[in-house]
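Each ligand, and each atom within it, is numbered from 1 in the order the structure gives.
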Amino acid sequence: YKHTDEVGELYAMFDLMRTEIKYLSEQRTKQEQAQKELITNISHDIKTPITTVKAYIEAILEGMCADKETLMEYMRIMQTHTDKTAQLVEDLLLHALQELGQISVEPREVYSGPTFEAMLGSFGHAVRLKGLTYETPESVPNVLIRMDTTRLEQVLANLISNALKHTHRGDTIRVHTELRADQFIVTITDTGQGIRAQDMPFVFERYFRGQSSPVSRHVQEGTGLGLSICKNIVEAHGGRISFSSKEGQGTSFQFSLPVC
Ligand code: ADP
């Protein structure tokens, strides 16, 4: 009896191992697939704005823009495209560093009030340019926080640019800041398209890109890296990041930072 029991146990163990190996190789295939898609998308995302900007420069050099107004319009289009490319390159660079385990966070003690007021103010132009209402706190709670302001600015830039991507003209982006126990909490809420329930478990995963945004129905913008970078940075500060969303109604991302 004992003998058959042991054989049975061995079989059960083999079965478990087989399932585990199958799971691991599936995960690997998925990751490889995602990386391939990422490269295709990145080359598209980089080539498109460069081609566009080149075409506008050529048009200007060939004297095809007769008046100042047209020239300004061309400039604005070029600015949008270069901004997008810069953001993409920034994301990729951070991602590469992250892969190498070298995403460095160099925190120092700063006062949250003036720091966040300045950082949040810097996004106003981009938000209003898209025809959205931007609501920021009149005064941000002022406490000492150990943080790397450059990295935190990247977190805010990612969250706000996501909100921009997934909203329509006339929507609102609202930023709220508060102190709760020993945590400084920032919440960024948009009244945009929301996140589909089936996408929710994956948004913080690397390379994950959900439903396409209303502004770019054909080609997905972004790399699917933004939120995983945000999570990394917030957690490196000892904080947490989470979200809540309702399809068709909007999304709210929240992160916390421990107060000194
Ligand atoms: P990317 O923006 O490059 O696709 P992210 O990691 O920043 O990658 O976001 C992952 C996915 O989460 C997005 O593709 C999108 O589907 C969803 N998402 C993130 N922020 C929002 C938002 N504010 N509203 C709706 N969907 C969002």
Does [X] reach ligand 1, in the sense of a heavy atom lying below 4.0 Å from it?
X	result
D199	no
F253	yes
G192	no
N158	no
R206	no

Picking from D190, I173, T191, what satisfies side-chain contact (heavy atoms from CB on, under 4.5 Å) with L132?
-> I173
Are the side chain of D148 and the backbone N or O of V105 linked by a donor-acceptor pair below 3.5 Å?
-> no
Can you tell me if T136 uses its side chain to pair, donor with acceptor, with the backbone of L120 under 3.5 Å?
-> no
Minimum non-hydrogen distance to [atom], winning option of [options]:
atom	options	value
atom 12 (O) of ligand 1	L159, V203, L225	V203
atom 4 (O) of ligand 1	G250, G224, G226	G224
atom 7 (O) of ligand 1	N162, L164, T167, I188	N162
atom 18 (N) of ligand 1	E205, M200, H166, K231	H166

Run the numbers for me: atoms of ligand 1, each under 4.0 Å from some heavy atom of K165, listed by number.
-> 1 (P), 2 (O), 3 (O)
Interfacing atoms of ligand 1 (cut-off 4.0 Å, heavy-atom, F208) = 10 (C), 11 (C)
Inspect the contact between K30 and E26 and indicate whether a charged nitrogen and a carboxylate oxygen are less than 4.0 angstrom apart.
-> no
Non-hydrogen side-chain atoms of H168 and D171 separated by less than 4.5 Å = yes
Do the non-hydrogen side-chain atoms of I60 and M78 ever get within less than 4.5 Å of each other?
-> yes
Pairwise distance CZ(R151) to CD1(I233) - rounded to 0.5 angstrom | 6.0 Å
May I ask you to check whether I195 has an N/O atom sitting below 3.5 Å from an N/O atom of ligand 1?
-> no
Looking only at side chains, do T70 and D67 share a donor and an acceptor under 3.5 Å apart?
-> yes
Examine the proximity of ligand 1 to T251 and report which part, side chain or backbone, both or neither, has a heavy atom under 4.0 Å away.
-> side chain
Can you say whether the rings of Y56 and Y74 are parallel (under 30°), tilted (30 to 60°) or perpendicular (over 60°)?
-> perpendicular
